[in-house]
Number of protein chains: 2
Amino acid sequence: MRPHAGVDDVLQVLTQVVEQIEVMWERSKDVSPAPISVSQLRVMFVLEKSSGTNLRALGEALDAAPSSVSRLCDRLQAVGFLDRALSPTSRREVELSLSERGRAYLLDLRERRREHLREIVGELPPAARSTLVSGLRKFRDAATSVHPLEDGHDEAGSQSA
Amino acid sequence: MRPHAGVDDVLQVLTQVVEQIEVMWERSKDVSPAPISVSQLRVMFVLEKSSGTNLRALGEALDAAPSSVSRLCDRLQAVGFLDRALSPTSRREVELSLSERGRAYLLDLRERRREHLREIVGELPPAARSTLVSGLRKFRDAATSVHPLEDGHDEAGSQSA
DNA sequence: TATTGTTATACTCTATAACTATA
DNA sequence: TATAGTTATAGAGTATAACAATA
């Protein structure tokens with residue numbers, strides 16, 4: 001009597017899965033040599049993709065005030081994950097970029113996050129993986145078409161096998 | 001030559017979808033009459049399911065120090081979302097619970113979050129919804145079996161249609 | 001003068017430690 | 001004394017506003 005899943009069925013399970021993953025990812029946060037705050041991590045995510053931006057642009061990307069970003073950069077620089085360089089074109093701007101250690105940290109964090117998911121996905125039989133990928137891709141595409149500019153894609157490390 | 005999706009295919013799309021949803025949910029955060037911080041929201045989520053607990057237990061549930069929780073409760077009480085009552089059994093304990101307004105706020109927030117998802121899920125044809133639900137349920141169950149105690153289920157409002 | 005980045009100040013969150021009051 | 005809760009005190013994130021330096 002229920003040939004296809006209703007919208008509310010999807011909402012329920014989708015919510016559960018997202019919350020499960022959020023809990024898992026929370027747990028892979030602290031396992032680092034230099035514990036980084038969530039805000040600092042956001043800075044690193046942005047800088048990874050737009051290396052060399054100035055402080056103002058970084059603030060806009062984060063939707064944060066310049067002063068806040070300045071302080072965040074202070075601390076990231078202090079732990080050696082960020083480089084502040086004077087801009088060669090304008091002496092009142094800075095060029096912000098991740099240091100080598102900063103990049104290494106991000107790769108490491110991503111790997112830990114994926115490892116948590118892999119542990120679970122690896123349990124699924126091949127047919128279930130295909131079903132899941134198929135459903136998720138349709139959701140992703142629908143989400144992208146509804147909110148074209150607001151997708152939070154993570155391109156790094158997304159090489160298909 | 002690829003009869004079924006590989007594990008890395010799943011990881012890629014799953015990561016994308018979770019990040020999309022996190023971005024969406026972030027946006028439904030500030031649309032409230034009394035803006036609540038993330039920490040305060042966590043308090044409310046816990047209290048919703050364990051009404052009447054004392055401050056110590058709440059702190060353990062949040063993995064936060066008692067003093068932090070005390071301050072969080074101060075502010076939640078100030079905006080009228082939380083009630084502090086003296087325990088009838090032990091005069092050194094308090095009974096923490098959500099006020100009526102607090103509960104109403106949570107319901108409202110949940111509805112906003114679901115509305116964001118519903119907008120997208122509603123776009124999917126029925127067959128795609130079924131595929132998605134099927135795949136997600138298998139993931140959820142696998143996740144629950146791998147991490148039995150760490151599931152972040154959201155039972156409220158999960159009535160199936 | 002307008003812009004970039006940094007401090008000054010203030011508020012919230014967080015934690016450890018000290019304190020009060022109960023058991 | 002041991003425990004529950006609340007204050008000190010301190011450090012980090014956030015924002016607005018004031019400030020320095022540059023364009």
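Protein chains get the first letters and strands the later ones, always in sequence-line order, with residue 1 at the start of each.
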If you take all heavy atoms of Leu82(B) and Cys73(B), which pair is closest and at what distance?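 Scanning both residues completely, I find the closest heavy atoms to be CD1-SG, 3.9 Å.
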Interatomic distance where [atom1] belongs to [X] and [atom2] belongs to [N] [whole Å]:
| X | N | atom1 | atom2 | value |
| --- | --- | --- | --- | --- |
| Asp63(A) | dG13(D) | CG | C1' | 15 Å |
| Asn54(B) | dT6(D) | CG | P | 10 Å |
| Leu55(A) | dT7(C) | CG | C1' | 13 Å |
| Ile36(A) | dA12(D) | CD1 | P | 12 Å |
| Leu62(A) | dG5(C) | CG | C1' | 16 Å |
| Glu95(A) | dT22(D) | CD | C1' | 16 Å |
| Met44(B) | dC13(C) | CE | P | 13 Å |
| Leu58(B) | dC13(C) | CG | P | 14 Å |

Could [X] and [Y] be called an ion pair, given the rule that one side-chain N must be under 4.0 Å from one carboxylate O?
| X | Y | answer |
| --- | --- | --- |
| Glu115(B) | Arg110(B) | no |
| Arg118(B) | Glu123(B) | no |
| Arg114(A) | Glu119(A) | no |
| Arg137(B) | Asp141(B) | no |

Closest to the [X] side chain: [options]?
| X | options | result |
| --- | --- | --- |
| Glu93(B) | dA23(D), dG5(D), dT4(C) | dG5(D) |
| Ser37(A) | dT14(C), dG13(D), dT16(D) | dG13(D) |
| Arg56(A) | dT6(D), dC13(C), dG5(C) | dG5(C) |

Does any donor atom in the side chain of Thr53(B) or Glu95(B) lie under 3.5 Å from an acceptor atom in the other side chain?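 No, because no side-chain N or O of Thr53(B) sits under 3.5 Å from a partner of the opposite role on Glu95(B).
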Kindly compute the distance separating CD (Gln16(B)) from CG (Leu11(B)), expressed to the nearest 0.5 Å. 11.5 Å
Using only modelled atom types and a 3.5 angstrom limit, is any donor from either the side chain of [X] or the base of [N] paired with an acceptor on the other?
| X | N | answer |
| --- | --- | --- |
| Arg92(A) | dT4(C) | no |
| Ser67(B) | dT16(C) | yes |
| Arg91(B) | dT22(C) | no |

With heavy-atom distances below 4.5 Å as the criterion, would you say the side chains of Leu106(A) and Phe45(A) are in contact?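 Side chain of Leu106(A) against side chain of Phe45(A), heavy atoms only: contact under 4.5 Å found.
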Give a yes or no on this: more than 12 heavy atoms of other residues, nucleotides or ligands lie within 6.0 Å of atom CZ of Arg84(B).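 Result for CZ/Arg84(B): enclosed.
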When the axes are fitted on five pairs at both termini, how much does the helix from dT1(C)-dA23(D) to dA23(C)-dT1(D) curve, in 10° steps?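 One end's axis against the other's: 20°.
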Looking only at atom types and distance, does a side-chain atom of Arg101(A) sit under 3.5 Å from a main-chain N or O of Val79(A), one as donor and one as acceptor?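 Yes.
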Sub-4.0 Å heavy-atom contacts from residues 68-76 of chain B onto DNA chain C, ordered by number: Ser68(B), Leu72(B), Arg75(B)
Closer to the 5' end of DNA chain D via nearest nucleotide, is it Ala64(A) or Ser90(A)?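 On the 5' side of the pair lies Ala64(A).
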Is Arg42(A) touching bases, backbone alone, or none of the nucleic acid, heavy atoms closer than 4.0 Å? nothing
